[in-house]
Amino acid sequence: MDKISKRTFLKGAPVLGITAGGPILAGAATHSENPLSKQETLLDPHYYSESGWQFGSQAIHHGEQEGYQVTPISQDKCAPGYQRPGNLKNPTVAALLRKVMELEGTQAAVGGPCGMGIIAQTYMALLRPGDRVVAHRCNYDWVMTLLREYLPSWGIEVQFLDFNQPERLEESLRKRSAKLVHWEPYVNPSMEVLDTQRLVEIAKAFGALSLVDNTWLTPYLLQPAALGADLVMHSVTKYMGGHGNAMGGVVSGRRDLISTIDRSQNWLGGLLRPMDAFMVTQGVKTLPLRMTQHSKTAQVVAEYLADHPAVKRVRYGGLPSWNALGQQASPRGFGGMLGIEWKQDRVHQSLGNHVRLILNATSLGDPCSRIMARQEETDRGIPARYTRVSIGLEEADDLMADFKQAIEKC
Ligand SMILES: Cc1ncc(COP(=O)(O)O)c(C=O)c1O
């Protein structure tokens, strides 16, 4: 194939002729003929598909609707070839899902209205009363609520373990099987760095599905599916979209599982909207550049803070003092999330009143840096006097100066 016809091929045919149970036909068709299914390609952390293009080029070109460099926003709920009640076969949404599949190296994808939306739908679609879920002791706050309160109330048993010791998962699954194992490779908000490869292997060995929340690292820094994960989810509200201007969630992975989730949307509702998908798609095109810059700036700020006399310890994946084993170490970096353990209560309590450039606010993964003071939660590995930081895309010098002046005022 010459370069042009390859490109046409990779963009996928217009998403026509979708059959029930085949959620993302154009993307899926691409993948059925794509060497990604070959193990050796999957195991290459810097995989690129048969176009020979690398990640950054795929992020820009892959998945756009045939004939377009920017897939238009289609608000048509019955676009030709996309009809099916309650579905997400909208051309604009399909463009984003195809990009996510290509970058994650997955077979199929389905979108939801936000990260929590797609996680909840995934659980509702795949789990039944009597099933068992095993999860790391710490995840995003509302995932914890879903796991702690809602799943048990639906008759689903949830066990929390410390996945820093993968052998704990092995022991648990050996004693009793589980339907699904859930974790974040770089944990919100504790900044623990888990051994995703090992955890995937254990889940697989005992017949459990692995659901990996890759919101924080993105496929640019880690591709869980290449390590064997069955499902990879994203709050695309965060780094994938990257501009804090759209909300969405995407889960991608095994075609059979995605079909089940896709089908459940017909009665659960909760779809990824075309306008949000369009905004996120534009963000994905610059994902490699943004993740590189988030990682560089966070590394500089983490090193600065680690030496600051007010600081007890900085938790950042790129610091050997925190990530001694170099877990998940991508040569491309660790993204923008770090945590600060303070020596004194007063800095922890009042830093937010004194920052000027940095926002004292929740959310993460966009150009604005933010801090959020956390309460101690020993069962989740969240220490006392702890602040979660999302390093944005401002200049590192300005961020360090802001931390310095704010700490001095505390
Ligand atoms: C790791 C992780 N997963 C899921 C979510 C939920 O995403 P959303 O806010 O889009 O519902 C978040 C939100 O911060 C998150 O950090």
Gap separating the [atom1] atom of [X] from the [atom2] atom of [Y], nearest 0.5 angstrom:
| X | Y | atom1 | atom2 | value |
| --- | --- | --- | --- | --- |
| Leu268 | Ile261 | CG | CD1 | 10.5 Å |
| Ile371 | Thr362 | CD1 | OG1 | 12.0 Å |
| Ile156 | Arg132 | CD1 | CZ | 13.0 Å |

So [Y] and [X], do their side chains get closer than 4.5 Å, heavy atoms only?
| X | Y | answer |
| --- | --- | --- |
| Thr260 | Arg263 | no |
| Tyr316 | Val389 | no |
| Met275 | Gln75 | yes |
| Asp379 | Arg137 | no |
| Ile60 | Gln69 | no |
| Lys238 | Ser363 | yes |
| Ile382 | Pro189 | yes |

Ignoring hydrogens, what is the shortest heavy-atom contact between [X] and [Y]? Give both atom names and the distance.
| X | Y | answer |
| --- | --- | --- |
| Gly270 | Gln265 | O-NE2, 3.3 Å |
| Leu173 | Ala203 | CD1-CA, 4.1 Å |
| Gly335 | Met291 | CA-CE, 4.0 Å |
| Arg315 | Ser190 | NH1-O, 2.9 Å |
| Ala225 | Val232 | N-CG2, 3.9 Å |
| Leu97 | Ala109 | CD1-O, 3.9 Å |

[X] and [Y] ion-paired at < 4.0 Å:
| X | Y | result |
| --- | --- | --- |
| Arg174 | Glu170 | yes |
| Glu201 | Arg198 | yes |
| Glu64 | Lys99 | yes |

Could you tell me if [Y] and [X] have a donor-acceptor pair between their side chains, going purely by distance under 3.5 Å?
| X | Y | value |
| --- | --- | --- |
| Gln282 | His243 | no |
| Thr71 | Arg98 | no |
| Ser153 | Glu149 | no |
| Thr196 | Trp183 | yes |

Is a side-chain donor or acceptor of [X] paired with a backbone partner of [Y] at a separation under 3.5 angstrom?
| X | Y | result |
| --- | --- | --- |
| Asp402 | Leu357 | yes |
| Gln299 | Gly318 | yes |
| Gln293 | Leu393 | no |

Considering residues, nucleotides and ligands other than [X], do more than 12 of their heavy atoms fall under 6.0 Å from its [atom1]?
| X | atom1 | answer |
| --- | --- | --- |
| Lys179 | NZ | yes |
| Glu376 | CD | yes |
| Glu395 | CD | no |
| Trp142 | CH2 | no |

Under 30°, 30 to 60°, or over 60°: which ring-plane class applies to His308 and Tyr304, parallel, tilted or perpendicular? perpendicular
Assess Arg290 against Tyr239: is NZ or CZ under 6.0 Å from the centre of the six-membered ring, and within 45 degrees of the ring's axis? no
For this output row, return yes or no: ring centroids of Tyr186 and Phe334 closer than 6.0 angstrom. yes
